[in-house]
Amino acid sequence: MTAVQERAEQDGSGQDGVRQVVVTGVGFALPGVDEPGDVERGRDAAADAVDPAAHLGKKGLRYKDHATRLALVAAKDALVRSGLWDETNGLAVDPRDVAVLASSNLGNLDSVAEVAALIGREGGTRLVSPIATPNLSSNVVCADIAIRFGLRGPNMMVCNGATSGLDALRWAATWLRSGRARHALVVGVEPDNDVSRAFAGGQVLDGAVAVVVERDDSTAGRTVLGELGPVTRSGRLDQSVTAAGGTDDASRVWLVPEGDGMSSVVLPEAERVDVSRGWGRTSGAHGLLQIAVGTARLATGTSSVVATCGGPADDAIASVVLRAPRSEPCQA
Amino acid sequence: MSKRWAIAGVGALSSVGRTAEEMFDNLCAGRTGLRTLRGFTAEWYTAQHLHEIDDLDAYPDVEGRATRFLLDAIGQALADAGMPQDLAGVPVLIGTGLRELRSVELWARGQTKPDERRLHFGTALRERFGADDTHTFSNACSASLYALSLAVDLLDSGEHDTVVVAGTDSITESMFGVLDRLQSVPPERLRPFDVNRKGTILGEGASAIVLRREPAESGRVRGWLRGVAINCDAFHATAPEPGSIAEVIRSAHSAAAVRPDQVDLVLLHGTGTMANDTGEATAMAEVFGTEVKHPVMTAMKSMTGHTSGASGLHSLIMALTSIAQDRVSPTLHLEDQIPVAADFRIATREHLGEGPVVAQVNGFGFGGVNAVAIVEGTR
């Protein structure tokens with residue numbers, strides 16, 4: 001089936017009668033970023049590094065890897081802003097209904113590389129700390145978010161290259177539509193350290209961004225920031241954007257793949273925005289950073305934004321359209 | 001009957017065989033894949049044995065083994081399903097515990113160049129099969145069953161009529177090293193559900209199935225998937241939570257519309273660790289109640305080792321083969337069942353003539369990610 005047919009089928013039939021997947025919150029662990037509108041300014045050299053303990057308290061952070069700490073900060077921020085969580089009462093919904101997905105490519109590379117290098121240097125495992133065990137499995141970030149906030153729905157770590165962030169959103173939407181979850185917390189994180197920097201060939205984002213998506217029948221009055229279309233994936237840029245509905249209406253803003261290396265221009269009229277600009281390598285966090293920036297653009301009057309991840313050198317290209325929320329239907 | 005999805009083809013490899021058939025025959029014959037370790041420098045470790053894949057040309061240490069295993073398993077599954085080796089537009093969902101982290105380790109030791117595009121499997125799948133809808137889920141030891149649940153959702157939504165689901169892992173030195181440190185007296189054998197079990201031993205391999213909404217025109221199927229359930233303990237980074245496991249087993253039964261007394265065969269997760277086997281047995285006993293004596297059970301990791309992300313689908317494929325051939329492979333080295341599993345009918349030798357039809361497949365992972373699938377076989 002082509003991506004175009006896929007879209008047609010998606011429009012025609014939603015499982016469980018679900019019409020829309022909506023964004024109800026975004027959160028950050030990025031220096032100098034408080035609001036989605038701050039991301040496009042890039043890294044503020046004067047801003048303090050994110051201090052996880054200041055956001056979460058020191059308890060339980062000691063043995064967490066850097067990516068996990070950043071992800072926890074962004075996760076909490078998004079949960080609070082969406083209205084799903086407050087300090088006094090905790091979670092506002094059934095914990096079994098909340099899925100968690102995290103996207104990262106460079107996430108636990110530091111833990112893995114350090115243990116392997118240590119064993120090689122020492123000629124044995126004597127100095128390897130058993131405390132490091134969970135950090136050697138790439139899903140540590142995702143599992144720790146669930147543990148911290150008691151979120152018992154499906155829990156999955158997506159490590160899928162350049163498109164990973166948007167792919168994670170696609171699977172969140174899949175779970176929402178199939179009824180395996182009503183709410184989903186999707187977190188993108190890429191840590192900056194010697195290992196990730198050397199592996200990725202440059203400075204890394206060193207931050208996290210989290211997005212809360214919900215079924216539109218499960219928002220219980222929480223403010224809708226945007227409506228998410230289908231995430232499509234294709235080997236071709238034009239096909240990916242078209243299938244996502246990116247060319248349907250005059251989208252004025254195109255959130256382009258990391259590095260904006262595309263030669264082909266499928267949305268010639270659109271303003272091109274690379275959200276990684278001024279941040280370094282965004283990798284698995286790129287797609288979620290795009291959604292966060294997208295909500296800021298919608299809030300200032302843009303009717304829809306197109307986000308695209310991955311380029312010709314990657315295994316595929318993923319796209320999605322984020323539209324401004326429709327005005328609430330009049331209910332008696 | 002509830003909905004069911006056709007399993008049109010299967011492919012697998014591990015330390016006990018290079019194809020699903022060879023694996024099953026060796027498992028039934030009680031041939032373990034445990035051998036003297038060769039991928040790593042033996043003198044650095046207390047443990048001296050692993051369930052490695054016998055790809056002699058690859059030792060010592062080459063990058064991309066998990067990818068190679070995966071391509072092999074998917075190629076087998078496509079051939080088995082009578083499909084061309086072309087996956088353009090077909091979703092390929094891959095569960096893995098450790099993706100290409102072994103390649104990262106070799107880079108960290110200065111032996112290879114970094115390749116960000118090969119940390120996940122999509123790049124190789126595009127090169128080999130023209131696949132462009134590929135997804136690498138790094139979800140510990142239940143990863144391939146988690147991927148299976150998403151495949152069901154995709155078929156159910158009407159978005160696709162065919163999905164390839166796979167699992168793959170090669171052993172990383174960091175995971176082996178930390179286990180070696182944790183298990184200061186290394187287990188000589190992996191002994192699931194035995195009171196004297198000493199822990200797990202790592203294995204490697206890959207598994208793949210072609211899942212379809214309807215059988216292909218030929219009508220030939222390997223079996224049927226009746227339902228998959230997934231959840232998360234949200235409890236502990238490494239220790240399982242029996243209550244949550246019981247919940248996911250019940251959800252799987254409900255999704256498949258089966259009762260415990262209708263489950264004939266159970267492929268246990270059975271890693272041989274204190275925590276898993278006790279937690280899994282507690283949950284099984286709770287859900288099955290008096291019916292726990294009904295199904296015959298087995299834990300194949302006693303011979304394959306812990307194949308991590310590949311293990312869920314490994315078990316699923318072996319379950320289908322068991323039903324097709326009416327043979328259940330034994331759980332090796334089980335002499336004294338742990339008290340909580342005392343009533344379980346775990347096969348310690350090959351069982352013939354049980355006539356199983358419906359099988360349950362368990363998969364649980366680090367971080368409390370649980371997945372259970374129910375399949376129905378054909379004979």
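Below, chain A is the first sequence line, B the second, and so on; all start at residue 1.
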Under 4.5 Å from any heavy atom of chain A - which part of B:Asn231: both
Of all the heavy-atom pairs spanning B:Leu101 and A:Ser138, show the shortest one and how long it is. CD1-OG, 3.6 Å
Main-chain N/O of B:Ser138 paired with A:Asn139 side-chain donor or acceptor, under 3.5 Å: no
Interface residue of largest heavy-atom contact number with chain B, from A:Gly124, A:Ala102, A:Ala143, under 4.5 Å: A:Gly124
For B:Ile230 and A:Met156: C-alpha separation, side-chain torsions, deciding distance, then whether side chain to side chain contact (heavy atoms under 4.5 Å, CB included) applies. CA-CA 10 Å; B:Ile230 50 174; A:Met156 191 170 71; over 6 Å; no
Highest number of heavy-atom pairs under 4.5 Å with chain B: which of A:Arg236, A:Glu122, A:Arg152, A:Arg121? A:Arg152
Turns out that what part of B:Glu247 lies under 4.5 Å from chain A's heavy atoms comes down to side chain
Given that the side chain runs from C-beta out, which part of B:Thr123 has a heavy atom under 4.5 Å from chain A: side chain, backbone, both or neither? both
Check A:Ser104 against B:Arg99 and note the closest heavy-atom contact, atom names and distance. O-NH1, 4.4 Å
Can you say whether A:Leu136 sits under 4.5 Å from chain B via the side chain, the backbone, both, or neither, judging by heavy atoms? both
Steps toward side chain to side chain contact (heavy atoms under 4.5 Å, CB included) verdict (A:Val158, B:Phe137): CA-CA 5 Å; A:Val158 182; B:Phe137 306 122; 4.1 Å; yes
Quick one: what part of B:Phe366 sits under 4.5 Å from any heavy atom of chain A, side chain, backbone, both or neither? both
Structural part of B:Ser142 lying under 4.5 Å from a heavy atom of chain A: neither
Counting only heavy atoms not in B:Glu214 (residues, nucleotides, ligands), do more than 12 fall under 6.0 Å from its CD? no
Please name the pair of heavy atoms, one in B:Glu173 and one in A:Ile119, separated by the smallest distance, quoted to 0.1 Å. O-CD1, 3.8 Å
When you compare the side chains of B:Ser157 and A:Arg177, does any donor N or O come within less than 3.5 Å of an acceptor on the partner? no
Minimal heavy-atom distance between B:Tyr45 and A:Thr125, with the atoms involved, is CE2-CG2, 3.5 Å
For B:Asn370, is it the side chain, the backbone, both, or neither that has a heavy atom closer than 4.5 Å to a heavy atom of chain A? neither
Heavy-atom proximity to chain A below 4.5 Å, by part of B:Leu119: side chain
If one checks every heavy atom of A:Ala313 against chain B at 4.5 Å, the contacting part turns out to be both
With chain B, which of A:Leu101, A:Val115, A:Asn160 has the greatest number of heavy-atom pairs at distances under 4.5 Å? A:Asn160
CG-CG distance between B:Asp133 and A:Asp315, expressed to the nearest 0.5 angstrom: 10.5 Å
Between A:Val195 and B:Trp107 the two heavy atoms that sit nearest each other are O-CH2, 3.5 Å
Approximate separation, where rounding is to 0.5 Å, of B:Leu98 CG and A:Cys159 SG: 10.5 Å
Between B:Arg181 and chain A, with a heavy-atom cut-off of 4.5 Å, which part of the residue counts as in contact: side chain, backbone, both or neither? both
Side chain of A:Asp144, backbone of B:Ala237: donor and acceptor closer than 3.5 Å? no
Would you mind checking which part of B:Thr134 comes under 4.5 Å of any heavy atom in chain A, side chain (CB onward), backbone (N, CA, C, O), both or neither? both
What is the distance from atom OG1 of A:Thr133 to atom CG of B:Leu179, rounded to the nearest 0.5 Å? 7.5 Å
How long is the span from the CG atom in A:Leu109 to the CD atom in B:Glu116, to the nearest 0.5 Å? 9.0 Å
What part of A:Ala198 is in contact with chain B, defined as an atom under 4.5 angstrom from a non-hydrogen atom: side chain, backbone, both or neither? both
CD on B:Glu159 to OG1 on A:Thr174, rounded to 0.5 Å: 6.0 Å
Against chain B, label A:Ser111 side chain, backbone, both or neither, depending on which of its atoms sit under 4.5 Å from a heavy atom there. neither
Would you mind telling me which of A:Ser137, A:Ala168, A:Ser283, A:Ser103 has the largest number of heavy-atom pairs within less than 4.5 Å of chain B? A:Ser137
Interchain contact, B:Ala229 with chain A, by part (heavy-atom threshold 4.5 Å): backbone
At what distance, to the nearest 0.5 angstrom, does OG of B:Ser174 lie from CG of A:Asn108? 8.5 Å
List the atom of B:Glu105, the atom of A:Ala116, and the distance in Å for their closest heavy-atom pair. CG-CB, 3.6 Å
Are A:Asp314 and B:Arg117 close enough for a salt bridge, meaning some N to O gap below 4.0 Å? yes
Of all of A:Ala117, A:Gly153, A:Gly150, which one pairs up most often with chain B through heavy atoms under 4.5 Å apart? A:Gly153
Using non-hydrogen atoms only, which part of B:Ser308 is less than 4.5 Å away from chain A: side chain, backbone, both, or neither? neither
A:Asp167, A:Val112, A:Val100: which one forms the most heavy-atom pairs within less than 4.5 Å of chain B? A:Val112
For A:Arg96, I'd like to know if atom CZ has over 12 heavy atoms of other residues, nucleotides or ligands within 6.0 Å. no
Side chain, backbone, both or neither: which part of A:Arg180 has a non-hydrogen atom closer than 4.5 Å to chain B? side chain
